[in-house]
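Remarks on the structure that follows.
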Amino acid sequence: MNSWRDKLIYIILVGSASTSILIVVLIFVFLGKEAFSFIWDPGFSELWHTKWIPVSFKKEIFGILPLMTGTLLVTALATLLMIPFGVLGAIYVAELASDSERQILKPFIEILAGVPSVVIGFFGLVVLSPIIKHLFGLNTGLTALTGAILLAFMAIPTVLTVSEDAIQSVPRAFREASLALGANQLQTIFRIIVPAALPGIIAAIMLGVGRVIGETMAVLMVTGNAAKITLNPFDSVRTMTATIAAEMGEVAFGSHHYQALFWIGIFLLIMTFLLNLMAQRVLRKYQMR
Amino acid sequence: MVNNVKTKLASEHVDFFYGSNQALFDIQMKIPENSVTALIGPSGCGKSTFLRMFNRMNDIIPGTHHTGRILFEDDDIYSANTDVVKLRQQVGMVFQKSNPFPKSIFDNITYGPNIHGLKNKKKLEEIVEKSLKGAALWDEVKDRLHESAMGLSGGQQQRLCIARALAVEPQVLLMDEPASALDPKSTAHIEELIGELREKYTIMIVTHNMQQAARVSDYTAFFYEGNLIEQGETTQIFMNPHEQKTEDYVTGRFG
Ligand SMILES: Nc1ncnc2c1ncn2[C@@H]1O[C@H](COP(=O)(O)OP(=O)(O)OP(=O)(O)O)[C@@H](O)[C@H]1O
Ligand SMILES: [Mg+2]
């Protein structure tokens, strides 16, 4: 009696824990199934062109390199922007802000976290991109930088909230020990508390980066959608997600173009996978030290 | 307490409040130099609160205040011109629960000297060795100074915390139940260590363990409900207490 109930509970627990494995495998299988035949027709090497011209009277070109550099550029810029704001903001909220300051700050952070990305994209289009255009004297304000700033807006609340939790869960005893040795508050924060919270802070940054890589709508609206290989923040670029979102609706089912879009999906998945791997490496390096 | 020894620390008419809740009542006490003073009394009687007056650790608890004076060699440590950083360098603290930083053994010890401006690697290495020897830990850890302090046993961690406190060359050590979370062997180790440290440092130790107070301390102060009931040489307090309350407590009739 008891034993089959234990068994059932065990099965439910294992099942729940393994769901994510199942889903990842399913996604890979599904993406692979749609993309598979591209490998010999027209050939896997067709993906490594430097141009993405999926619709053409002459020869279609499915080079995903410019889309990858577009994603990498926007992601890298957004990450550079969100780390200082997110992490330093978290340090302020967790360690330095007074209760009343915290009560004002927290709701705004939560509101920002909840703004739909279309709305943020709208804001980027109407407000931010003209500013960028004039500020840097560009022909267009629709640039990688514009997209990166918007993505940072979106990711900062996540980074901030999760980092704040990490900082707040550092045992009080560490603070007391540091202060009792004569350290001041800033020394205690930057030399004891932040290092102790680092695994959590890195996890927070990774969550933010994940959000940035996967975000579609806002970048579709403001990065200018020019698929070219560049590392210049002031160029227009096109990301992998934006490409899928923009073209999936019109593509002919089963065509080479259709399959190429699935390959983009596969590479997105691989990139996030590598990102997680990297995060775990960093984590292991810093833990306990 | 005694007249022919130099007074290192003193408390003059100290009242202490957590918000409106008074935790200490008019405490008068002198702590002689290079000696061990034990603070005893039932739980919640204010021992920790009193101990934390001497390195101003109560400052970090919001909503607290006090009246009266705490003197460190005749200077009022709560006066406006006190340098708290300097004070905490001179008055070190060891906590009830060992709290090494999640860093290497080496970095734990050098943290204090480092924040006080010492960067010279050679000097820091010397300090690490000296402090660990002072805390009777050197032989056990000298081959793994760069491993995490979290890998040490509980007793070793507490001695590391003592070494960390010694590394900034304090004159006073405040110890709040430093052995209460340790096994008998580690406790004996710490007690032995306190015996050695009293040659160079002035030590105040909070303890719930009567035998421990009797073993390690020269002077004992008995607290009850925020009042200092009786203080004197440890032998007198244990053998011949003047107050009925003290006698009841040290003989284990309550507590
Ligand atoms: N942070 C705090 N905020 C409010 N009240 C406190 C705080 N810390 C201690 N108190 C109160 O002050 C009184 C003295 O506490 P204290 O910790 O000094 O006692 P103690 O003698 O060290 O007790 P124990 O032996 O249990 O450690 C108690 O009534 C306690 O509830
Ligand atoms: Mg206590």
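Each of A:Ala177, A:Ala173, A:Ala196 has some count of heavy-atom pairs under 4.5 Å with chain B, and the biggest count is that of A:Ala177. The candidate from B:Met93, B:Arg164, B:Lys97 with the greatest count of non-hydrogen atom pairs under 4.5 Å with chain A is B:Arg164.
Environment of CZ in A:Phe273: sparse, with no more than 12 heavy atoms of neighbouring residues, nucleotides or ligands closer than 6.0 Å. For B:Lys121, the NZ atom is loosely surrounded, since the number of other residues' heavy atoms within 6.0 Å does not exceed 12. Shown here is B:Lys142, whose NZ atom has more than 12 heavy atoms of other residues, nucleotides or ligands within 6.0 Å. Around CG of B:Asn120, the count of heavy atoms belonging to other residues, nucleotides or ligands within 6.0 Å exceeds 12. Residue A:Phe85 places its CZ atom among 12 or fewer non-hydrogen atoms of other residues, nucleotides or ligands, all under 6.0 Å distant.
Both the backbone and the side chain of A:Glu176 have a heavy atom closer than 4.5 Å to some heavy atom of chain B. With a 4.5 angstrom heavy-atom cutoff, B:Val91 touches chain A only via backbone atoms. With a threshold of 4.5 angstrom between heavy atoms, A:Arg175 does not approach chain B through any atom at all. Proximity to chain A (any heavy atom under 4.5 Å) is restricted, for B:Pro100, to the backbone atoms N, CA, C and O.
With hydrogens and angles ignored, the 3.5 Å screen pairs no side-chain donor or acceptor of B:Asn99 with any backbone N or O of A:Phe174. Proximity of a side-chain donor or acceptor of B:His116 to a complementary backbone N or O of A:Ala183 within less than 3.5 Å is not detected.
Nearest heavy atoms, B:Tyr111 versus A:Gln187: OH-O, 3.8 Å. The minimum heavy-atom distance linking A:Leu181 with B:Ile115 is given by the pair O-CD1, 4.1 Å. In plain terms, the two heavy atoms of B:Arg88 and A:Leu179 that are nearest each other are CD-O, 3.0 Å.
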